[in-house]
Amino acid sequence: MIIGGKAVQAQSGKTLEVRSPVDGLTFEAIPRGEAADIDLAVAAARQALSGAWGKLSALERGRLMLKMAQHILDHAEELALLEARDTGKPMTTARNDMVVLARYFEFYGSAADKIHGEVIPFLNGYQVNLLREPLGVTAHIIPWNYPAQMMGRSIGPALAMGNAVVVKPAEDACLSCLRIAELALEVGFPPGALNIVSGLGEEAGAALAKHPDINFISFTGSNEVGVLIQQAAALNAVKCVLELGGKSPHLVFSDANLELAASTVVRGIIQNTGQTCTAGSRLLVQSDFYEEFLSLVAEKFSRVRVGTPEMNLDCGPVVNLSQQQRVNKYIAQAQQDGLKILAQGQIDPNVPNGGYYVTPTLFGQVPAEHPLAHEEVFGPVLAAMPFVDEAHAIALANGTDYGLLAAVWTENGGRQQRVAKALKCGQVFVNSFGAGGGVELPFGGVKRSGHGREKGFMALEEMSTTKTVIHFHG
Ligand code: NAP
Ligand code: MG
């Protein structure tokens, strides 16, 4: 762990075993940080704010972050190997994740000195300045699906605005995050600017969320824990940003570019073995060409291959045993309920025994009230269903508790606009689909997908505050 600029073990000396999803075997141990370690990390962050870190100008903070972006790229292969071992993802995906991680530092490093306060016209004889200031110590609780990317997304804007950060990565995937914190020390981030404590969610995570000396929490993960985070934030009256997953729909109308839509739909659910908050897990298709479109999707879906990171196929294993059981349970339940499997991918016969592999599965004619149509599986399982017209498509799309992202496929310009406006979610793609889009694009949910915005310049506003200075000069 990194606390106050030093690499440390947990004060208790306890560790946690790290298990590889590729074969289910342990290969590493990480410190099991607890409340006492969180106390030290928060204190180190607080000290950094009144020390060297707090004294840096915005320009200097930005330059440090740009140096960090380059340092990440110089270590991209090492980081990608760590990430692939830890999460099981294909090497190509892991490598791309490191490019995105570097991009967060580049984007927010470049932005550090470009967000500023305002002068507000007021009564004669007054000068009113709106200062933009850091929040203070910010807490960042990271999930296991894209550990490195999520850490960059969360701490990038926080550091750019001059906050000092404490990171709690997920117990199932934190090797890349721990290494990233070391890299930050190497490029010269002052002690305490970036602290990281590994450990269990119920121990280190809960201690961080309820710590009385933090000023903000950024959380990405499950709904259940998100609610606990918001409760903890409420007790300290601090702001939190929650990103809690989704059940993102594709709305495919019969005038869509079929080939592009079909291949994008398949990619959108198998990416990261479906363990993506923005996974396109519902496929709503206009009924008059439902059969035609689904046969195209099924044909592509049946070609999906699952293997180890080195095999570098479409999917790796899922992250752990409970995730494997969860996905298999959804598939078995849907079959028991009589839902029809239209296509399945294949697990490579040469994967090691004991790994957490699941079979990508496409279900057709899923009734809107079936759990597969509205619960987040967090695996490569796609639920398709027909709609009759635009109004029906919108009603189905908005008919879950989630509201993170959606995609509309149609060549009709008016319909593109109408549907995009009617959808209740944080991002809409038209004739395209991306997991949350680029670093530049504000991202986040409505309804039970959470609140607050990350990415883009909006994250800089989320992770800072303002002070209005009213000056009477006569
Ligand atoms: P989770 O428990 O919500 O984990 C997210 C993060 O919160 C991890 O760092 C976790 O630490 C931490 N955490 C857990 N309990 C905590 C607590 N009481 N207080 C503070 N922090 C706590 O998610 P999960 O159990 O790993 O995954 C379960 C489901 O969540 C998935 O199947 C999926 O549906 C959803 N999920 C969504 C996203 C997303 O991107 N929106 C990401 C991951 C998971 P530990 O890992 O050490 O427990
Ligand atoms: Mg957990």
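Please read all numbers here as calculations on a predicted model, not as lab measurements. Any value given below was found using the heavy atoms of this structure, including those in side chains, with hydrogens, waters and symmetry copies removed.
- For Arg303, the salt bridge (Lys or Arg N to Asp or Glu O under 4.0 Å) partners at least two apart in sequence or on another chain are Glu299.
- Screening residues 29-38 for salt bridge (charged side-chain N to carboxylate O under 4.0 Å, His left out) gives Lys14-Glu34, Arg32-Glu203 as the qualifying pairs, with residues at least two apart or on separate chains.
- A donor-acceptor pair under 3.5 Å is formed between the side chain of Asn195 and the backbone N or O of Gly4.
- A donor-acceptor pair is defined here as one N or O able to donate and one able to accept, closer than 3.5 Å; such a pair exists between the side chain of Gln324 and the backbone of Tyr357.
- At least one side-chain heavy atom of Tyr104 sits less than 4.5 Å from a side-chain heavy atom of Lys455.
- Scanning both residues, Met98 and Ala80, for their nearest heavy atoms gives CG-N, 3.9 Å.
- When every heavy atom of Asn350 is checked against every heavy atom of Asp348, the shortest pair comes out as N-OD1, 2.8 Å.
- The side-chain heavy atoms of Glu182 and Ile2, taken from C-beta on, include a pair separated by under 4.5 Å.
- Listed by chain and number, the residues in a side-chain contact (heavy atoms from CB on, under 4.5 Å) with Thr264 are Leu260, Arg267, Trp409, Phe433 (sequence neighbours excluded).
- Not a single side-chain hydrogen bond (donor to acceptor under 3.5 Å, both in side chains) links Gln325 to another residue, sequence neighbours left out.
- Residues satisfying the side-chain hydrogen bond (donor to acceptor under 3.5 Å, both in side chains) criterion with Asn223, sequence neighbours excluded, are Tyr402.
- At least one side-chain heavy atom of Val439 sits under 4.5 Å from a side-chain heavy atom of Phe107.
- Side-chain atoms of Leu342 and Phe301, non-hydrogen and from C-beta on, never get closer than 4.5 Å to each other.
- With rounding to the nearest 0.5 Å, the separation of CD in Glu106 from CE in Met68 is 13.5 Å.
- With sequence neighbours left out, the side-chain hydrogen bond (donor to acceptor under 3.5 Å, both in side chains) criterion links Gln275 to no other residue.
- Side-chain contact check for Glu83 and Ser176: at least one donor-acceptor pair (N or O, by modelled atom type) lies under 3.5 Å.
- Taking the six-membered ring where the residue is Trp, Phe378 and Trp144 present perpendicular rings, their angle passing 60° and hence far from 30°.
- Between Pro190 and Leu64, the shortest heavy-atom distance links the atoms CD-CD2, 4.0 Å.
- Listed by first and then second residue, the side-chain hydrogen bond (donor to acceptor under 3.5 Å, both in side chains) pairs that reach into residues 439-448 are Arg103-Glu440, sequence neighbours excluded.
- Judged purely by atom type and a 3.5 angstrom limit, Glu171 has no side-chain atom pairing as donor or acceptor with the backbone of Ser198.
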Exercise answer: donor-acceptor pairs, residues 152-164 side-chain atoms, under 3.5 Å, sequence neighbours excluded:
residue: Arg153; atom: NE; partner: Glu454; partner atom: OE1; Å: 3.2
residue: Arg153; atom: NH2; partner: Thr220; partner atom: OG1; Å: 3.2
residue: Arg153; atom: NH2; partner: Glu243; partner atom: OE2; Å: 2.9
residue: Arg153; atom: NH2; partner: Glu454; partner atom: OE1; Å: 2.9
residue: Ser154; atom: OG; partner: His140; partner atom: ND1; Å: 2.7
residue: Ser154; atom: OG; partner: Ser218; partner atom: OG; Å: 2.8
residue: Asn163; atom: OD1; partner: Leu135; partner atom: N; Å: 2.6
residue: Asn163; atom: OD1; partner: Gly136; partner atom: N; Å: 3.0
residue: Asn163; atom: ND2; partner: Ala158; partner atom: O; Å: 2.9
residue: Asn163; atom: ND2; partner: Met463; partner atom: O; Å: 2.8

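- Looking at Thr361, its side chain does come within 3.5 Å of a backbone N or O of Thr359 through a donor-acceptor pair.
- With sequence neighbours excluded, no residue forms a salt bridge (Lys or Arg N to Asp or Glu O under 4.0 Å) with Glu375.
- For the 3.5 Å distance criterion, the side chains of Thr465 and Glu133 fail to qualify, holding no donor opposite an acceptor.
- In terms of heavy-atom proximity, Ala173 sits nearest to Thr87 at CB-CG2, 3.8 Å.
- Closest approach of Phe429 and Leu405 over heavy atoms only: CE1-CD1, 3.8 Å.
- Interatomic distance, NZ of Lys239 versus NE2 of His451, reported as 10.5 Å (0.5 Å rounding).
- Inspection of the Asn236 and His211 side chains reveals no N or O donor paired with an N or O acceptor under 3.5 Å.
- Between Leu441 and Phe443, the closest side-chain pair of non-hydrogen atoms is not below 4.5 Å.
- Lys114 is linked by a side-chain hydrogen bond (donor to acceptor under 3.5 Å, both in side chains) to nothing, counting only residues two or more places apart in sequence or in another chain.
- Judged as a salt bridge (charged side-chain N to carboxylate O under 4.0 Å, His left out), the pairs with a partner in residues 204-220 (not counting sequence neighbours) are, in order, Arg46-Asp213.
- When every heavy atom of Gly226 is checked against every heavy atom of Leu242, the shortest pair comes out as O-CD1, 3.7 Å.
- Pro249 meets the side-chain contact (heavy atoms from CB on, under 4.5 Å) test with Leu251, Arg282, Leu284, Ala397, Ala406; sequence neighbours excluded.
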Exercise. Yes or no on side-chain contact (heavy atoms from CB on, under 4.5 Å) for Val358 and Val306, after CA distance, side-chain angles and deciding distance?
Worked result: CA-CA 8 Å; Val358 298; Val306 183; over 6 Å; no
